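Just below is one structure, and these are the notes that go with it.
Count residues from 1 along the sequence. The structure displayed is predicted, hence computed values, not measured ones.
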Amino acid sequence: STALNWGNDAPLGFGLSAGLEDVQYDSADPGLYDRRTERLGASLRADLSQVLQLTLAVNASRFDPAVGASRDTTGLQLGLNLTQPRGVFGVTLGLDDTPDGQRQRLGFTHQLELPQSALTYTLGASRSSNDHIYMTGALTYQHALPQGNLSLDLNRSVTSSDTTDAESLQTNAALNWQQDVTSTGSLTLGLAWAEAVETASNLTTSNTRMTATWRQSLAQDWAL
C-alpha cells in the first residue's frame, strides 16, 4: 500500500492512496480460498473557517477470489468537524455501493483532550445491504502513566469482511499497557478480542489474541 498527501498545512489539502493484497494458502482446507484485493482512494480536506473543517473521501475496491466472480465496491464519505474549547465535534455520513446492495452509515464523534489522557468516542447507526439497522460506535482512551501509558480501544461497525467480502457486523476490543522497566527497555502487554457476524447468514467468527513485547534501545538510531 502507498499514500500521498499534500497541502497538510494549507487551507485545502488532498490525498491519494492505493493498495494491493494477495493471499495464497498452502492448505487443502475447502474453506480457504486464494484471493486478491485492489483498493484505490482519494480524499479532500477544506478548512471552511478557523474552527470548521470539511472532509470528503471516495474509494473503490475489487475483491477477486480464486473461486467465484469478482466483487466491486465503491464508497463515499463526507465529514464535518467543529473545534471548540471542549474538544472536537464531528459528524460523518457514509455510503457504500456493494454487490449485495447499498450500505449507509451515520456517526457523531467527540474528541476530548484531558490533562493526562485523551478520549475519543463515536455513536452512530448503519443500515446494512439487507436493510437491517445496527447501532455502531467506537471508543478510544489513552492515559499517560508515570513511566508508561495505558490504552483502550472498542469498536463496533458494519463493513465488508477481508476474507470473503461478505458484509459483517464486526466488534473489536483491545487493551494495551506499556511500562518503562529500565532507562533503555520497556515492556508492552496486550489483550485483544474480535468477533465478526455475517449479516446475511449469521455465520460468526471470533478470536482472542494476547501479546507481550520487549523493546530494547541499543543506540540512538537502533532498537531491538
Could you walk me through whether Glu195 and Val197 pass the side chain to side chain contact (heavy atoms under 4.5 Å, CB included) test, one step at a time? CA-CA 7 Å; Glu195 181 184 75; Val197 182; 4.0 Å; yes

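Cluster membership for Leu224 and Trp222, using ILVMFWY side-chain heavy atoms within less than 4.5 angstrom, is shared. Linking ILVMFWY side-chain heavy atoms closer than 4.5 Å, directly or via other members, places Leu203 and Leu169 in two distinct hydrophobic clusters. Taken together through direct or relayed side-chain contacts under 4.5 Å among Ile, Leu, Val, Met, Phe, Trp and Tyr, Leu106 and Leu82 form part of one hydrophobic cluster.
Here the straight-line distance linking atom CG of Asp97 with atom OG1 of Thr73 works out to 7.5 Å at 0.5 Å rounding. Rounding to the nearest 0.5 Å places OG of Ser70 at 4.5 Å from CZ of Arg62.
By the 4.5 Å heavy-atom criterion applied to side chains, Ser186 and Gln178 are counted as neighbours. Side-chain contact between Thr92 and Thr55 is absent, with no heavy atoms from C-beta onward closer than 4.5 Å. Taking the side chain as every heavy atom from C-beta outward, Leu95 and Gln102 approach each other to under 4.5 Å.
With no hydrogens or angles considered, a side-chain donor-acceptor pair links Thr109 and Thr122 at under 3.5 Å. A side-chain N or O of Thr184 and one of Gln216 form a donor-acceptor pair less than 3.5 Å apart. Under 3.5 Å, the side chains of Ser161 and Thr163 contain a donor-acceptor pair of N or O atoms. Remark: the Gln24 side chain and the Asp22 side chain contain an N/O donor-acceptor pair separated by less than 3.5 Å.
Shortest non-hydrogen contact noted between Ser151 and Leu175 is O-CD1, 3.4 Å.
Ion pairing between a basic and an acidic side chain is recognised when a charged N comes within 4.0 Å of a carboxylate O; Asp64 and Arg36 show no such pairing. Salt bridge present: Arg103 and Glu167 bring a charged side-chain N and a carboxylate O closer than 4.0 Å. Taking the charged nitrogens against the carboxylate oxygens, Arg105 and Asp96 do have a contact shorter than 4.0 Å, which makes a salt bridge.
Arg45 places no side-chain N or O within donor-acceptor distance of the main-chain N or O of Gly15, the cut-off being under 3.5 Å. Of the possible donor and acceptor atoms, one in the side chain of Arg35 sits under 3.5 Å from a partner among the backbone N and O of Asp162. Panel note: side chain Ser128, backbone His132; a donor-acceptor pair is recorded below 3.5 Å. Between the side chain of Thr164 and the backbone N or O of Ala166 there is at least one donor-acceptor pair closer than 3.5 Å. Between the side chain of Asp34 and the backbone N or O of Tyr25 there is at least one donor-acceptor pair closer than 3.5 Å.
Ring-plane geometry between Phe89 and His110 is classed as parallel, the angle between the planes falling under 30 degrees on a 0 to 90 degree scale with a further cut at 60.
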